[in-house]
Student: 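Here you go, one structure.
Keep in mind it's a predicted model, so treat the numbers as computed, not measured. Note on naming: letters A, B, ... go to the chains in the order of the sequence lines (proteins, then strands), and numbering restarts at 1 for each one.
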Amino acid sequence: MEMKKDTFDKVIAILHSRYPEWDAPAKKSTYDYDRTPFTITISVILSFRTKDEVTQEAGKRLFALADTPEKMLTLSKESIEKTIYPVGFYRKKAQSVLEISRYLIDRFDGKVPNSEKELLKIKGIGPKAAAIILERAFGRNIVAVDTHVHRILNLWGFLNTDTPQSSYEILKALLDDKEKRGLNRLLVAFGQTICRPQRPRCEVCPVQALCPNPSI
DNA sequence: AAAACGGGGGC
DNA sequence: GCCCCAGTTTT
């Protein structure tokens with residue numbers, strides 16, 4: 001089954017009125033480390049193919065040791081591996097963390113560039129990571145298809161089109177003429193708390209009646 | 001286009 | 001056990 005766009009709009013409206021706090025920026029107090037462009041960037045790297053909770057715990061441990069590119073370079077690759085374990089691809093990511101730190105210092109005086117073009121030049125940062133960094137670190141009003149958003153789009157049937165568009169293009173079209181940033185956050189929060197990857201809480205979902213594929 | 005990177009979790 | 005996991009680089 002697939003959902004129509006007007007149903008999608010209705011779903012967004014219901015979620016918005018039921019959980020107005022979801023489209024607000026994440027509170028700093030929900031994290032145990034400073035949310036700087038650098039820590040945000042590294043968190044995004046750590047999050048690939050890894051559960052949110054594991055990523056959060058790993059980030060907390062890592063940023064307690066080093067929350068700037070300069071401090072990061074004082075750590076050995078092995079100690080970073082140990083610290084971030086058990087995130088997926090932890091060896092490759094430890095290497096990537098060091099490379100990115102080195103690159104930021106050499107090219108941008110230790111700062112994360114507020115530019116998609118520049119972010120994409122960094123090894124280890126692709127289109128999705130760049131979008132998430134721009135949104136979270138710099139508040140840019142763009143859509144960022146993270147794993148939650150992707151999963152929900154798929155669940156609602158928006159990714160089973162004959163002419164395959166990227167999930168990024170599809171979401172952009174669905175959220176056109178709206179405040180993309182807030183609505184994007186709304187979907188992420190929905191995916192984290194109710195429409196979860198494991199054991200989705202359909203029984204408390206306010207839009208269950210509109211869902212094409214409830215797992216209830 | 002497909003493999004590789006690496007664990008966790010569902011069934 | 002086996003299968004999945006939608007991020008990026010490498011082959």
Student: Rounded to whole Å, how long is the line connecting atom CZ of A/Arg196 with atom P of B/dG10?
Tutor: 10 Å

Student: Using the P atom in both, what is the distance from C/dT11 to B/dG6, to the nearest Å?
Tutor: 14 Å

Student: For A/Arg140, give me all partners under side-chain hydrogen bond (donor to acceptor under 3.5 Å, both in side chains), at least two apart in sequence or on another chain.
Tutor: A/Asn114

Student: Is there any ring pair (Phe, Tyr, Trp, His ring centres under 6.0 Å) pair reaching into residues 88-111 of chain A, and which pairs are they, with sequence neighbours excluded?
Tutor: A/Tyr85-A/Tyr90

Student: What does the B/S/- profile of nucleotides 3-11 of chain C look like, 5' to 3', with a 4.0 Å heavy-atom cutoff to protein?
Tutor: --BBBSSS-

Student: Once you round to the nearest 0.5 Å, how far does OG of A/Ser101 lie from CG of A/Leu75?
Tutor: 9.5 Å

Student: Hey, are A/Ser79 and A/Ser76 close enough side-chain-wise for a donor-acceptor pair under 3.5 Å?
Tutor: yes

Student: Say we look at C/dT8 and B/dG8: how far apart would their P atoms be, to the nearest angstrom?
Tutor: 22 Å

Student: Going through the distances and angles, do A/Asn213 and A/Trp156 end up as a side-chain contact (heavy atoms from CB on, under 4.5 Å)?
Tutor: CA-CA 7 Å; A/Asn213 301 296; A/Trp156 288 347; 6.0 Å; no

Student: Just to confirm, is there a sub-4.0 Å distance from OP1 or OP2 of B/dG6 to any side-chain nitrogen or oxygen of A/Arg91?
Tutor: yes

Student: For A/Arg151, give me all partners under side-chain hydrogen bond (donor to acceptor under 3.5 Å, both in side chains), at least two apart in sequence or on another chain.
Tutor: A/His148

Student: For B/dG6, does OP1 or OP2 lie under 4.0 Å from any side-chain N or O of A/Tyr90?
Tutor: no

Student: In whole angstroms, how far is the C1' atom of B/dG8 from the CD atom of A/Glu53?
Tutor: 11 Å

Student: List for me each residue that meets side-chain hydrogen bond (donor to acceptor under 3.5 Å, both in side chains) alongside A/Gln192, sequence neighbours excluded, and say none if there are none.
Tutor: A/Asp52

Student: Is the centre of the A/Tyr19 ring less than 6.0 Å from the centre of the A/Phe190 ring?
Tutor: no

Student: With P as the reference atom in both, quote the distance from B/dC5 to C/dG1 in angstrom, rounded to an integer.
Tutor: 23 Å

Student: With pairs defined as Watson-Crick or G-U wobble and both distances under 3.5 angstrom, please note down DNA chain B as a dot-bracket string, | for pairing with another strand.
Tutor: |||||.|||||

